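The next block holds one structure in the form of structure tokens; read it before the comments.
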Amino acid sequence: MYTAHPDRYADMPYRRTGRSGLKLPALSLGLWHNFGPDRPAETQRAILRRAFDLGVTHFDLANNYGPPPGAAESALGGFLKTDFAPYRDELVISTKAGYLMWPGPYGEWGSRKNLLSSLDQSLTRMGLDYVDIFYSHRPDPETPMEETMGALHSAVQQGKALYVGVSNYSAEQTREAARILGELGTPLLIHQPRYSMLDRRPESAGLLDALDELQVGSIVFSPLEQGVLTARYLDGIPEDSRAASDSPFLNSDALTEDLVGKLRALDEIAKSRGQSLAQLALAWVLRGGRVTSALVGASSARQIEDSVGALDNLDFEAEELARIDAVING
């Protein structure tokens with residue numbers, strides 16, 4: 001039987017989520033790609049245990065995580081029962097709905113029918129009575145925002161979610177979602193955008209400004225750009241890497257000579273700070289406190305340890321930030 005480390009809260013910083021009472025760890029664990037049947041169960045268990053032992057109290061999922069879709073929630077459900085049942089109240093567990101999960105007109109997007117049906121399925125897979133955060137995974141161009149936000153509100157009213165969030169919404173859409181939820185009496189807790197040193201759209205498109213204005217939290221996904229912002233590709237493309245596979249999220253064409261040159265320059269900056277490139281990338285998105293938490297994936301417990309090591313140095317000199325910008329924009 002698993003017993004959590006007694007000092008699990010000693011070093012992890014926890015950040016208040018917007019104006020809510022909920023605090024999230026600076027690093028959260030995303031169960032996107034490494035919690036399907038193609039990965040050894042013992043490796044999955046080791047990742048979850050090590051994360052929690054290091055103070056990572058937030059496990060982030062979606063209905064379609066796996067592969068195949070639903071597998072990550074089912075896997076977590078098993079580990080919640082065998083390993084984490086005594087610690088449920090110490091965990092923040094989130095899931096999302098909006099991408100394709102089953103055939104027909106109700107299997108995706110943002111209708112009330114889809115969102116609430118999907119949440120029920122997610123709870124069944126995980127063996128839970130409620131999730132801590134339930135997200136609309138993407139805006140629906142054909143469903144009124146009032147219906148989508150109304151479904152999130154209903155999830156809270158029904159006791160199936162404690163908080164609600166949105167993901168992949170623009171600044172304007174986020175403002176509208178927050179307005180509707182506010183009128184319903186269920187505040188918008190958090191937004192989950194893609195954000196990294198290489199993808200700064202939340203800055204340029206005004207999303208981070210909107211979240212500051214609304215006092216809504218943020219948890220960013222892909223802060224390592226699918227592993228690009230690690231040491232993995234500094235000397236070519238390993239045969240067992242995502243870029244060498246048929247992944248739709250990263251392929252070898254994306255790793256141009258220019259990009260690899262930038263990665264090597266960023267790696268030198270990281271070394272000057274006593275960090276790995278991955279740690280630099282995580283520290284960068286967490287700098288200044290605008291981002292509540294950064295989502296990291298892991299294929300081993302060692303990767304979790306390396307990611308948490310980024311928290312030892314989150315401060316940047318102005319000159320360091322200028323050097324990073326010069327590399328990225330050069």
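Remember, it's a predicted structure, so these values are computed and weren't measured experimentally.
Between Leu229 and Leu263, some side-chain heavy-atom pair lies under the 4.5 Å cut-off. Counting only heavy atoms from C-beta outward, the side chains of Leu280 and Leu277 approach each other to under 4.5 Å. In this structure the side chain of Asp209 reaches within 4.5 angstrom of the side chain of Arg290, judged on heavy atoms. Proximity of Asn64 to His137: side-chain heavy atoms (C-beta onward) are separated by under 4.5 Å at one or more points. Put simply, the side chain of Val166 reaches to within 4.5 Å of the side chain of Met149, judged on heavy atoms. Counting heavy atoms from C-beta outward, Leu27 and Leu286 have side chains that approach closer than 4.5 Å. Gln279 has its side chain within reach of Asp306: a pair of non-hydrogen atoms, C-beta onward, lies under 4.5 Å apart. By the 4.5 Å heavy-atom criterion applied to side chains, Val92 and Leu162 are not counted as neighbours.
Taking each heavy atom of Pro223 and Ala281 in turn, the nearest pair found is O-CB, 3.9 Å. Residues His153 and Leu184 approach most closely at CE1-O, 3.2 Å, considering heavy atoms. The heavy-atom pair separating Leu282 from Ala310 by the smallest distance is CB-CB, 3.9 Å. In terms of heavy atoms, Pro187 sits closest to Val164 at O-CG2, 3.8 Å. A pairwise comparison of heavy atoms in Arg112 and Gly150 identifies NH1-O, 3.6 Å as the closest pair. Considering all non-hydrogen atoms of both residues, Ala151 and Leu116 come closest at O-CD2, 3.5 Å.
In this structure, Lys23 forms no cation-pi arrangement with Tyr14, as its terminal cationic atom is not both closer than 6.0 Å to the ring centre and no more than 45° off the ring axis.
Atom CZ of Arg175 and atom OG of Ser170 lie 9.0 Å apart (nearest 0.5 Å). With rounding to the nearest 0.5 angstrom, the OG atom of Ser218 is 9.0 Å from the OH atom of Tyr195. Atoms OG1 and CD, from Thr230 and Gln303 in turn, are 8.5 Å apart once rounded to the nearest 0.5 Å. The distance from the CG atom of Leu76 to the CZ atom of Phe35 is 8.0 Å, given to the nearest 0.5 Å. In this structure, the separation between CG on Asn114 and CG on Leu100 is 9.0 Å, given to the nearest 0.5 Å. The CG atom of Leu198 lies 5.0 Å from the CD atom of Glu225; values are rounded to the nearest 0.5 Å.
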Next item on the list: Apply the test side chain to side chain contact (heavy atoms under 4.5 Å, CB included) to residues Met12 and Leu311: give CA-CA distance (whole Å), side-chain angles for both, the deciding distance (0.1 Å), then the verdict.
Entry: CA-CA 8 Å; Met12 175 63 66; Leu311 305 178; 3.5 Å; yes

Checklist line | Full working for side chain to side chain contact (heavy atoms under 4.5 Å, CB included) between Ile324 and Phe316 | finding: CA-CA 11 Å; Ile324 291 170; Phe316 285 83; 3.9 Å; yes

Checklist line | Verdict with reasoning, Leu24 to Ile190, per side chain to side chain contact (heavy atoms under 4.5 Å, CB included) | finding: CA-CA 11 Å; Leu24 291 180; Ile190 195 166; 3.7 Å; yes

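Ion pairing between a basic and an acidic side chain is recognised when a charged N comes within 4.0 Å of a carboxylate O; Arg264 and Glu268 show no such pairing. Salt-bridge formation is detected for the pair Glu176/Arg179: a Lys NZ or Arg NE/NH1/NH2 atom is positioned less than 4.0 Å from an Asp or Glu carboxylate oxygen. With respect to the salt-bridge test (charged N to carboxylate O, under 4.0 angstrom), the residues Asp132 and Arg88 qualify.
Around CD of Glu172, the count of heavy atoms belonging to other residues, nucleotides or ligands within 6.0 Å does not exceed 12. Annotation: Asn329, atom CG; neighbour count of heavy atoms from other residues, nucleotides and ligands within 6.0 Å is above 12.
Under the 4.5 Å side-chain heavy-atom criterion for grouping Ile, Leu, Val, Met, Phe, Trp and Tyr, Ile93 is not connected to Tyr163 through any hydrophobic cluster. No continuous path of hydrophobic side-chain contacts links Ile133 to Leu91 [ILVMFWY only; heavy atoms under 4.5 Å]. The cluster map of Ile, Leu, Val, Met, Phe, Trp and Tyr, joined by side-chain heavy atoms under 4.5 Å apart, puts Leu208 and Ile219 in different clusters. Follow the hydrophobic side-chain contacts under 4.5 Å out from Leu321 and you reach Val285 in the same cluster. Tracing side-chain contacts under 4.5 Å through hydrophobic residues (I, L, V, M, F, W, Y), one never reaches Phe134 starting from Trp109; they form parts of separate clusters.
Under the 3.5 Å distance criterion, the side-chain polar atoms of Arg138 are left unmatched by any main-chain donor or acceptor of Asn168. With hydrogens and angles disregarded, a donor-acceptor distance shorter than 3.5 Å links the side chain of His191 to the backbone of Tyr169. Remark: side-chain polar atoms of Asp60 are not paired, donor with acceptor, to backbone N or O of Ser94 under 3.5 angstrom. Formation of a donor-acceptor pair under 3.5 Å by the Arg273 side chain with backbone atoms of Asn313 is found in this model. With hydrogens and angles ignored, the 3.5 Å screen pairs a side-chain donor or acceptor of Lys262 with a backbone N or O of Ile328. Judged by distance alone, with hydrogens and angles left aside, the side-chain atoms of Ser293 form a donor-acceptor pair with the main-chain N or O of Ala26 at under 3.5 Å. In this structure a side-chain-to-backbone donor-acceptor pair under 3.5 Å is present from Thr17 to Leu22. Checking side-chain atoms of Thr148 against main-chain N and O of Gly110 turns up a donor-acceptor pair under 3.5 Å. Looking only at distances, a side-chain donor or acceptor of Lys96 sits under 3.5 Å from a matching main-chain atom of Leu61. Between the side chain of Tyr135 and the backbone N or O of Gln192 there is no donor-acceptor pair closer than 3.5 Å.
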Expected list for residues 44-56: side-chain donor-acceptor pairs under 3.5 angstrom, two or more places apart:
unit_1	atom_1	unit_2	atom_2	d
Gln44	NE2	Gly36	O	3.0
Gln44	NE2	Arg39	O	3.0
Arg45	NE	Asp83	OD1	3.2
Arg45	NE	Asp83	OD2	3.3
Arg45	NH1	Glu42	OE2	2.5
Arg49	NE	Asp83	OD2	2.6
Arg49	NH2	Asp83	OD2	2.8
Arg50	NE	Glu305	OE2	2.8
Asp53	OD1	Tyr2	OH	2.7
Asp53	OD1	His5	N	2.9

Output side-chain donor-acceptor pairs under 3.5 Å for residues 121-128, partner residues at least two apart or in another chain, one line each.
unit_1	atom_1	unit_2	atom_2	d
Ser122	OG	Glu73	OE1	3.2
Ser122	OG	Glu73	OE2	2.9
Ser122	OG	Ser118	O	3.2
Thr124	OG1	Asp120	O	3.1
Arg125	NE	Glu73	OE1	2.7
Arg125	NH2	Glu73	OE1	2.8

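For the 3.5 Å distance criterion, the side chains of Thr57 and Tyr9 fail to qualify, holding no donor opposite an acceptor.
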